[in-house]
Engineer: 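Here it is, the structure, as structure tokens.
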2 protein chains.
Amino acid sequence: MNRPDAAEECAERTRVRDREATRQRILDSARELFTTEGYERVSSRLIAARAGVNVALINRYFGAKRGLLAEVIAEEAVFPGMFDGDPGTLPRRLAEYMVDQVLREPSPLRRALEQSRADPDLQAVYQERLRDAILEPMARHIGGPDARARASVAVGVVLGLGVLRRVEGATALRDSDRAALVARLESVFVDCLRE
Amino acid sequence: MNRPDAAEECAERTRVRDREATRQRILDSARELFTTEGYERVSSRLIAARAGVNVALINRYFGAKRGLLAEVIAEEAVFPGMFDGDPGTLPRRLAEYMVDQVLREPSPLRRALEQSRADPDLQAVYQERLRDAILEPMARHIGGPDARARASVAVGVVLGLGVLRRVEGATALRDSDRAALVARLESVFVDCLRE
DNA sequence: CTTGACAAGTCAACACTGTTTACTTATACC
DNA sequence: GGTATAAGTAAACAGTGTTGACTTGTCAAG
């Protein structure tokens, strides 16, 4: 049916049986769909169809649909380069990062991932990511006493503004003066992080 | 089968056909299950079974499952009495509220509802609730220029600490000194809200 | 070159979800 | 007392994630 001629299948020969290539196809399809549609809106069958593979391969290669999301999350960078510079300028850099994330549309993947936090099975994935990629690096970066507690408050602000932007749109913040908002957030982060 | 005798059914007579009572039974069952299990973990059929009614009645009375959650959310108070007192003491009261919400286990319903934010169809419900029950009251309460923007930042902090507590457990914050944490958050909220 | 083993890929089913439609039945009013 | 109307029911629909048995391509050893 879909193979009208055995000789014609050379046109399909670009896709030989290749575990790694197939895995990557699925992963690419998932990332694209999660990005544009969000985790819960995308079905396994759609991901598989878009990747041109069989549905069962998702579970074969990733255990389950959530394994796909876990992998997509794992390969996404958070706060790129934020914890490298001078710790004294971290509040300012955080403030600018937040404003530029709040004011402009957030990255589609970030948006999709934030929409996918409810899946109970994903809780562990998010927890690990939050701790290892954000909380701990920030705590190490600022140093001093109670570094983790101080970092936690700052991270709380970051997360909260993200939620506000997603749920309510953060319209009031997007309409306000950028410099004033950066200054306000900077002093907020200073309070969060000071010893 | 479940009616072995027509005369015996008088034992079941406590439940006559009563629209309002049935509606309430479903609502109670849903609130209890959403509270203990979370929205997505609870199926319509389970809610109906627990309420002792037919599944189809959920859609008859609430349109859809999400209508049930919307109603549960609507009847739940948020920030009780927070926007009544002196606006000058709002940062302190917010800080204490957050610490006592972060340190102790949050109300099960609040926890369940926070876990249910991913459902795309619920977005509008949460948005309306956030604006009408939190953002606008707080903006009115603090007054002054850019009240909505200032309130938005404070609400962002509130939301973020909730997310942090739910995802990561906010262990570092729960282990830190209560008075110090209240003081830190108070100054954070002062920064958020000051003109 | 042929054969066999193993991995890659497929298919159909399972158990579940929320929702709808057509149906039955109890209640209250004329 | 009969009947319209609402309350309640049963069964199906279309969809989900997931699984196990199956087929088939690939590659190495005989």
Side-chain angles (χ1 to χ4, degrees), chain A residues 1-3 6-27 29-30 33-34 37-71 116 118-122 125, chain B residues 1-3 6-7 9-10 12-27 29-30 33-34 37-71 116 118-122 125:
Chain A
M1 295 246 174
N2 35 11
R3 293 246 198 112
E8 276 289 87
E9 76 181 5
C10 289
E12 278 281 309
R13 268 302 103 163
T14 44
R15 278 185 54 212
V16 292
R17 290 196 168 182
D18 183 340
R19 179 187 177 89
E20 221 43 55
T22 305
R23 232 190 88 101
Q24 199 58 47
R25 283 174 131 266
I26 298 173
L27 205 54
S29 168
L33 286 170
F34 289 166
E37 305 293 333
Y39 179 74
E40 344 236 306
R41 282 204 231 241
V42 175
S43 72
S44 299
R45 283 170 175 82
L46 179 58
I47 296 173
R50 194 69 74 91
V53 305
N54 191 281
V55 204
L57 293 185
I58 289 180
N59 296 285
R60 170 184 278 279
Y61 287 135
F62 300 94
K65 187 191 175 193
R66 87 185 70 97
L68 253 181
L69 181 57
E71 200 129 333
S116 314
D119 191 320
D121 300 315
L122 253 41
V125 176
Chain B
M1 295 249 174
N2 34 12
R3 293 242 198 117
E9 76 179 7
C10 289
E12 277 282 310
R13 269 300 103 161
T14 43
R15 279 187 55 213
V16 291
R17 288 194 168 183
D18 183 339
R19 181 190 176 87
E20 221 43 56
T22 304
R23 232 189 89 102
Q24 199 58 48
R25 284 174 131 264
I26 298 173
L27 207 53
S29 168
L33 286 170
F34 289 166
E37 306 292 334
Y39 178 74
E40 342 236 310
R41 284 205 231 239
V42 176
S43 72
S44 300
R45 282 169 176 83
L46 179 58
I47 296 172
R50 195 68 75 89
V53 305
N54 190 281
V55 206
L57 293 185
I58 289 180
N59 296 284
R60 170 184 278 279
Y61 287 137
F62 300 94
K65 188 191 174 191
R66 86 184 72 96
L68 253 180
L69 181 58
E71 199 129 333
S116 312
D119 191 320
D121 299 316
L122 253 40
V125 176

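In the text below, chain A, chain B and the rest are named by the order of the sequence lines, each starting its count at 1.
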Engineer: Atom CG of L57(B) to atom C1' of dA26(C): distance rounded to whole Å?
Structural biologist: 14 Å
Engineer: Once you round it to whole Å, what is the distance between P of dA6(D) and CD of E20(B)?
Structural biologist: 15 Å
Engineer: In whole Å, I'd like the distance from the CD1 atom of I58(A) to the C1' atom of dG9(C).
Structural biologist: 13 Å
Engineer: Taking only side-chain nitrogens and oxygens of R66(B), does any of them come within less than 4.0 Å of OP1 or OP2 of dT19(C)?
Structural biologist: yes
Engineer: Partners of A56(B) by side-chain contact (heavy atoms from CB on, under 4.5 Å), sequence neighbours excluded?
Structural biologist: N54(B)
Engineer: Measure from CG on D18(B) to C1' on dA28(C) and round the result to the nearest Å.
Structural biologist: 14 Å
Engineer: Among dC11(C), dT19(C), dT18(D), which nucleotide sits nearest the side chain of V55(B)?
Structural biologist: dT19(C)
Engineer: Contact class for Y61(A) (heavy atom, under 4.0 Å): base, sugar-phosphate, or nothing?
Structural biologist: sugar-phosphate
Engineer: With a 3.5 Å distance limit and no angle check, can you tell me whether T22(A) reaches the backbone of D18(A) through a side-chain donor-acceptor pair?
Structural biologist: yes
Engineer: Would one find a side-chain N or O of N59(A) under 4.0 angstrom from OP1 or OP2 of dT18(D)?
Structural biologist: yes
Engineer: State which residues pass salt bridge (Lys or Arg N to Asp or Glu O under 4.0 Å) with R60(B); sequence neighbours excluded, sorted by chain then number.
Structural biologist: none
Engineer: Run the side-chain contact (heavy atoms from CB on, under 4.5 Å) test against A48(B) and tell me which residues pass, sequence neighbours left out.
Structural biologist: V53(B), V55(B), I58(B)
Engineer: dT17(C) P sits how many Å from K65(A) NZ, rounded?
Structural biologist: 16 Å
Engineer: Between the base of dT5(D) and the side chain of R17(B), is there a donor-acceptor distance below 3.5 Å?
Structural biologist: no
Engineer: Does a side-chain N or O of T22(A) approach OP1 or OP2 of dG9(C) to a distance below 4.0 Å, or not?
Structural biologist: yes
Engineer: Taking side-chain contact (heavy atoms from CB on, under 4.5 Å) as the definition, give me every residue that meets it alongside N59(A), ordered by chain and number, with sequence neighbours left out.
Structural biologist: A64(A)
Engineer: Which ranges of DNA chain D pair up as stems, where a stem means three or more consecutive Watson-Crick or G-U pairs with both distances under 3.5 Å?
Structural biologist: C:1-30 with D:1-30
Engineer: Tell me: CZ of R45(B) to C1' of dT17(C), nearest whole Å?
Structural biologist: 7 Å
Engineer: Rounded to the nearest Å, what distance is computed from the CZ atom of residue R23(A) to the C1' atom of nucleotide dA8(C)?
Structural biologist: 14 Å
Engineer: With a 3.5 Å distance limit and no angle check, can you tell me whether Y39(B) reaches the backbone of R66(B) through a side-chain donor-acceptor pair?
Structural biologist: yes
Engineer: The criterion is salt bridge (Lys or Arg N to Asp or Glu O under 4.0 Å); which residues satisfy it with R45(A), sequence neighbours excluded?
Structural biologist: none
Engineer: Rounding to an integer number of Å, can you tell me how far L33(B) CG sits from dG18(C) P?
Structural biologist: 12 Å
Engineer: Got a donor-acceptor pair under 3.5 Å from the side chain of R60(B) to the base of dT9(D)?
Structural biologist: no
